[in-house]
Protein chains: 2
Amino acid sequence: MGDNPSPPAAGEGKRGTEGHLGYLLRQAATAYRQRMEKALADLGVTAPQFTLLTMLNAYPGLSGADLARIALVTPQTVSVILANLERANLIRRTPHGRHGRILQAALTPAGQQLLIEARERVHALDPGLRAGLTPRDEAVVRQWLATVAQISPDEDFQLFSR
Amino acid sequence: MGDNPSPPAAGEGKRGTEGHLGYLLRQAATAYRQRMEKALADLGVTAPQFTLLTMLNAYPGLSGADLARIALVTPQTVSVILANLERANLIRRTPHGRHGRILQAALTPAGQQLLIEARERVHALDPGLRAGLTPRDEAVVRQWLATVAQISPDEDFQLFSR
DNA sequence: GGGATAATATCAAAGCTCGAATATTATATC
DNA sequence: GATATAATATTCGAGCTTTGATATTATCCC
């Protein structure tokens with residue numbers, strides 16, 4: 001390695017609370033996502049797949065375009081994940097009755113079964129996410145996260161136009 | 001789309017401050033990363049590339065393994081990004097004098113030049129990241145992010161062993 | 001009805017990310 | 001010194017993600 005001035009260890013200096021806010025945000029999200037992937041690995045499901053399964057469980061019949069809007073990713077991304085989920089027999093897609101192009105997705109029984117187990121593992125990570133947060137502090141954090149998430153890159157997209 | 005019970009819009013119900021903390025974290029990080037990519041797009045540099053450039057600017061001579069530890073990503077990931085940066089002539093890698101296998105990376109003049117402009121754009125996003133945060137709240141948020149980031153998936157990795 | 005506009009889904013290319021495996025070089029142990 | 005262990009870098013395969021492009025189907029407007 002470099003034997004120049006040593007970078008600070010995690011949690012110290014620029015790598016701790018002193019750091020750039022965006023950098024801290026990325027670090028936290030990365031660390032949490034990795035814990036999540038690890039918890040789900042032996043179920044053969046990824047974090048993004050879990051996210052879509054959860055959404056489809058709550059709102060069956062959503063289209064790929066719908067899911068893309070909710071999940072803040074592109075329709076192309078959703079398309080890939082849905083294809084993988086369908087191949088694994090965790091979801092099924094059926095053409096919408098009246099609207100020709102739309103494919104409505106829903107969990108298969110296998111998908112529902114797996115989601116139950118997966119949700120349990122993900123929820124087990126929650127305590128680590130609240131580490132030493134008072135209820136008031138948690139409210140602050142929630143408010144901040146929601147605000148940062150809400151400011152969309154193109155501010156004018158429309159959800160569920162009808 | 002599905003004409004079943006409509007999902008809440010962004011910022012409402014489960015998609016707002018009521019949502020799962022991990023889900024909120026992912027949303028915020030995704031939104032911020034997208035804004036960052038957009039700000040950097042016409043410079044021909046990606047967000048992960050910007051991250052490594054910033055680290056190499058602060059600590060020239062780091063190895064790929066070093067960068068991986070600092071950035072909380074795998075050596076494989078760093079390897080890919082460094083290869084792309086080298087191909088774009090933004091960094092250079094030279095073998096370490098005494099330690100045979102190690103490649104030390106450092107910014108080229110072009111890399112330094114580009115980083116100046118890139119940093120300016122990324123810093124321009126800061127106000128949106130502080131949206132309505134009092135200094136005290138910001139401290140709470142920073143503390144929380146650092147804590148979440150610090151809890152590593154395998155808790156026993158060693159930074160800069162010597 | 002017919003043509004323009006918009007929405008949906010998908011393909012392709014590029015980049016990021018990880019787990020697994022491999023080759024090379026240091027270091028530790030005997 | 002010889003062997004075992006560890007660290008570094010890389011290749012491979014799979015999945016996620018984006019931008020750009022294309023085909024299909026609804027909808028809007030005249």
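Lettering follows sequence order; numbering is per chain, from 1.
B:Arg87 meets the side chain to side chain contact (heavy atoms under 4.5 Å, CB included) test with B:Asn84; sequence neighbours excluded. With sequence neighbours excluded, no residue forms a side-chain hydrogen bond (donor to acceptor under 3.5 Å, both in side chains) with B:Thr46. With sequence neighbours left out, B:Thr54 forms a side-chain hydrogen bond (donor to acceptor under 3.5 Å, both in side chains) with no residue at all. The side chain to side chain contact (heavy atoms under 4.5 Å, CB included) check on B:Leu103 picks up B:Arg93, B:Pro95, with sequence neighbours excluded. Here B:Asp126 pairs with A:His20 under the side-chain hydrogen bond (donor to acceptor under 3.5 Å, both in side chains) rule; sequence neighbours left out. Checked against side-chain hydrogen bond (donor to acceptor under 3.5 Å, both in side chains), A:Arg92 has no partners two or more places apart in sequence or in another chain. Partners of A:Thr94 according to the side chain to side chain contact (heavy atoms under 4.5 Å, CB included) rule, which considers only residues two or more places apart in sequence or in another chain, are A:Gln104.
Taking atom CG on A:Leu103 and atom P on C:dA7, their separation rounds to 18 Å, with Å as the unit. Put simply, NE2 on B:His96 is 17 Å from P on D:dA7, counting in whole angstrom units. B:Leu85 places its CG atom 12 Å from the C1' atom of C:dG15, with the value rounded to the nearest Å. Separating the CD1 atom of B:Ile102 from the C1' atom of D:dT10 is a distance of 15 Å, rounded to the nearest angstrom. Look at CG on A:Leu67: it is 13 Å from C1' on C:dA9, rounded to the nearest Å. Nucleotide D:dA9 holds its C1' atom 12 Å from the CD atom of B:Glu86, rounded to whole Å. If you take CG of B:Leu52 and P of C:dT17, they are 8 Å apart, rounded to a whole angstrom.
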Validation: residues 110-120 of chain B side-chain donor-acceptor distances under 3.5 Å, sequence neighbours left out:
residue, atom, partner, partner atom, Å
B:Glu117, OE2, B:Arg121, NE, 2.9
B:Glu117, OE2, B:Arg121, NH2, 3.2

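For DNA chain D, no neighbouring residue in residues 110-126 of chain A is found when judged by any heavy atom under 4.0 Å.
Applying the ring-ring contact (aromatic ring centres under 6.0 Å, His included) test to residues at least two apart or on different chains, none of the pairs has a partner in residues 65-89 of chain A.
Put simply, A:Arg87 has a side-chain N or O that comes within less than 4.0 Å of OP1 or OP2 on D:dG15. Under 4.0 angstrom from either OP1 or OP2 of D:dT10 there lies at least one side-chain N or O belonging to B:Ser79.
Side chain to side chain, A:Thr30 and A:Gln34 fail the donor-acceptor criterion of an N or O pair below 3.5 Å.
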Tabulate protein N/O versus nucleotide N/O from nucleotides 1-6 of chain C, keeping only pairs under 3.5 Å, one per line.
none

*Just by protein heavy atoms under 4.0 Å, how would nucleotides 16-23 of chain D read 5' to 3' in B, S and -?*
SBBBB--B
*Take B:Glu138 and B:Thr134 through the test side chain to side chain donor-acceptor pair (under 3.5 Å) and record every step on the way to the result.*
CA-CA 6 Å; B:Glu138 181 172 335; B:Thr134 69; over 6 Å; no
